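To start, the structure under review is shown below, and the notes come after it.
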Amino acid sequence: MTSLASGPATDPLGPAGAHLAAATARPAVQQPEWPDPQRAAAVRRALALMPPLVTAQEVQGLQSLLAGVARGEALVVHGGDCAETFDGNTREHLAGNLETLDAVADVLGGAATPVVRIARMAGQYAKPRSNPVDAAGLPVYRGDIVNSATGTRAARAADPQRMLRAYADAASVLDRMRTGPHEVFAGHEALLLDYESALVRRSGAGWFGGSGHFLWIGERTRHADGAHVALLGLVDNPVGIKLGPGATPAEVLSYLRQLDPCRIPGRVSLIVRMGAERVAERLPPILAAVAATGHPVVWLSDPLHANTETTGSGLKTRRLSRVLAEVRSYAAAHRAVGTHPGGLHLELTGDDVAECVGGAIAPGDLGERYLTACDPRLNRAQAVEVAAAAAHEFA
Ligand code: PEP
Ligand code: MN
């Protein structure tokens with residue numbers, strides 16, 4: 001990226017500080033308006049002095065595993081809540097989500113194919129939103145790292161202290177993950193620039209994002225000249241970018257030039273979320289354009305985000321039939337172009353929820369067990385059904 005002079009001597013990141021400042025000075029959407037910017041700056045400074053939540057060695061370990069996925073030797077699953085909450089940081093919830101992620105990985109890989117596991121966990125606290133206000137006219141909930149879901153004006157005010165709570169919760173979640181039976185990595189959407197940029201750390205000659213192993217850019221913040229792409233261009237973590245139905249081959253090639261100039265296998269994951277009806281038409285030209293460049297990317301299907309609908313009673317839901325249809329069309333596009341389908345990115349939970357429709361959950365069941373803080377998640381049986389279909393389609 002751009003080469004800049006060193007930052008001031010007091011900058012804890014040294015030259016990284018100047019690069020970070022240049023990246024985050026680019027246009028950025030979906031950022032909170034902190035009522036007191038000086039308090040936000042004080043929190044940023046505090047975070048910049050704290051230890052990274054993940055180590056450069058762990059990040060490098062994941063990078064090596066994803067290189068195997070890019071070469072077609074393995075698969076990958078990302079899975080977890082749409083929005084983690086501070087209240088959800090319980091042993092039961094975390095264990096249930098991790099067990100569900102394992103079940104999905106085991107079914108997807110079968111006996112023969114290794115599956116890399118990345119939990120949407122230990123940092124998935126910031127949410128991009130379609131509207132700045134909710135149905136009641138209050139500032140919208142932007143995730144526990146920004147404000148509270150409680151529907152009062154005071155609760156919805158953006159509070160920078162929440163970034164410190166998110167850091168502490170992420171640390172404790174990672175502690176639990178590290179005691180589990182599998183090597184599971186943590187990933188989240190690198191949305192909140194104040195938090196993400198404050199946790200960038202040195203590693204050798206470069207820098208890494210210390211907030212999680214895998215960081216991705218969402219559909220709403222993937223502007224090729226924007227701050228999010230620039231920030232993830234600075235760090236050595238494996239990174240992802242969501243591709244909605246409007247993504248063009250030219251845009252995707254611009255991301256790859258910025259994020260993967262050295263063509264490192266598995267450095268970039270392209271996460272396709274185009275919708276059951278549109279993926280067959282929109283994806284093949286992008287697959288072909290990327291294949292022609294030779295960038296060794298990981299492809300993933302997120303078959304949930306473009307298949308969201310709202311019920312008559314105002315609940316967001318997803319129909320399993322459309323989710324499965326997107327997985328099938330996604331796999332068919334890869335077969336046609338000759339690319340490796342890579343894996344799945346799912347919103348799922350081990351909790352006994354009724355949020356998505358299909359399998360044992362009928363539309364009339366959405367009610368008491370609708371518990372998500374943001375988007376509807378697959379329950380365990382539904383997630384395993386998607387994994388089984390993908391295993392069949394990707395084989
Ligand atoms: C998400 O993963 O929760 C999300 C907001 O996805 P997208 O950026 O694809 O809409
Ligand atoms: Mn979501």
Side-chain angles (χ1 to χ4, degrees), residues 28-32 76-85 88 97 101 118-132 140-146 149 186-193 196 212 214-224 226-229 231-232 239-247 251-252 255 268-276 278-279 282-283 286 299-310 315-319 322-323 326-327 330 343-349 351 353 355-356 370-379 382-383 386:
V29 292
Q30 298 282 346
Q31 303 306 297
V76 57
V77 176
H78 302 178
D81 296 319
C82 174
E84 281 181 289
T85 61
N97 280 21
L101 181 64
I118 302 178
R120 284 178 63 116
M121 211 177 249
Q124 184 54 26
Y125 298 116
K127 297 312 300 174
R129 305 310 304 260
S130 304
N131 294 309
V140 74
Y141 170 60
R142 291 186 178 277
D144 274 11
I145 196 169
V146 172
H188 65 269
E189 179 175 349
L191 177 67
L192 183 60
L193 295 170
E196 300 298 338
F214 183 91
L215 303 173
W216 77 83
I217 300 164
E219 164 69 3
R220 291 165 191 76
T221 51
R222 61 177 175 82
H223 310 281
H228 292 83
V229 172
L231 178 64
L232 293 198
V239 297
I241 190 155
K242 296 278 200 101
L243 301 179
E251 270 175 345
V252 176
Y255 304 144
V268 174
S269 292
L270 295 170
I271 309 169
V272 176
R273 35 86 86 219
M274 297 186 167
R278 284 178 289 190
V279 67
R282 303 289 166 101
L283 180 57
I286 296 177
W299 291 100
L300 285 127
S301 170
D302 164 358
L304 297 179
H305 278 93
N307 294 308
T308 310
E309 51 196 294
T310 305
L315 292 175
K316 278 198 281 187
T317 192
R318 289 144 172 175
R319 276 183 274 162
R322 294 186 67 205
V323 171
E326 177 152 353
V327 170
Y330 168 86
L344 290 174
H345 179 112
L346 301 177
E347 289 182 342
L348 55 77
T349 179
D351 297 350
V353 301
E355 298 172 358
C356 295
Y370 191 97
L371 301 172
T372 182
C374 193
D375 286 339
R377 301 160 294 181
L378 302 169
N379 65 25
Q382 291 169 329
V386 175

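In listed order, ligands and their atoms are each counted from 1. What you see is a predicted model, and the numbers here were worked out from it, not measured in a lab.
- The part of Lys242 lying near ligand 1 is the side chain, judged by heavy-atom distances below 4.0 Å.
- Atom 5 (C) of ligand 1 has Pro128 CG, 3.6 Å as its closest protein atom, hydrogens excluded (heavy atom only).
- Remark: ligand 1 atoms within the under-4.0 Å shell around heavy atoms of Lys127 are 1 (C), 3 (O).
- Checking His228 against Glu189 by side-chain atom types alone, no donor-acceptor pair falls below 3.5 Å.
- Some N or O of Glu347 is nearer than 3.5 Å to an N or O of ligand 1, by distance alone.
- In this structure, OD2 of Asp375 and NE2 of His305 enclose an angle of 90° at the Mn ion (ligand 2), rounded to 10°.
- Listed by number with element, the atoms of ligand 1 under 4.0 Å from a non-hydrogen atom of Gly218 are 8 (O).
- A heavy-atom distance below 4.5 Å is not found between the side chains of Glu84 and Arg120.
- Between the choices Gln30, Arg273, Glu189, Arg129, the shortest heavy-atom distance to atom 9 (O) of ligand 1 belongs to Arg273.
- Two residues are said to be in side-chain contact when any heavy atoms from C-beta on lie closer than 4.5 Å; Glu355 and Glu347 fail this criterion.
- Between the Mn ion (ligand 2) and the N, O or S atoms of Glu347, the shortest distance is to OE2.
- Looking at Arg120 next to ligand 1, an N or O pair under 3.5 Å apart turns up.
- The distance from ligand 1 to the heavy atoms of Cys82 drops below 4.0 Å at these ligand atoms: 3 (O).
- For the pair Arg220 and Val29, the minimum side-chain heavy-atom distance is 4.5 Å or more.
- Aromatic ring orientation, Trp216 versus His78: parallel (interplanar angle below 30°, classes split at 30° and 60°).
- Neither the backbone nor the side chain of Cys374 has any atom closer than 4.0 Å to an atom of ligand 1 (non-hydrogen atoms only).
- The closest protein non-hydrogen atom to atom 1 (C) of ligand 1 is His305 NE2, 3.0 Å.
- In this structure, the side chain of Tyr370 engages the main chain of Lys316 through a donor-acceptor pair within 3.5 Å.
- Nearest protein heavy-atom contact of atom 8 (O) of ligand 1 is Glu219 N, 2.8 Å.
- Arg318 contributes a side-chain N or O that, together with a main-chain N or O of Leu304, makes up a donor-acceptor pair within less than 3.5 Å.
- Contact check for Thr372 versus Thr349: no side-chain heavy atoms found under the 4.5 Å cut-off.
- Side-chain atoms of Val140 and Asn131, non-hydrogen and from C-beta on, never get closer than 4.5 Å to each other.
- Checking only distances, Gln124 never comes within under 3.5 Å of ligand 1, N or O to N or O.
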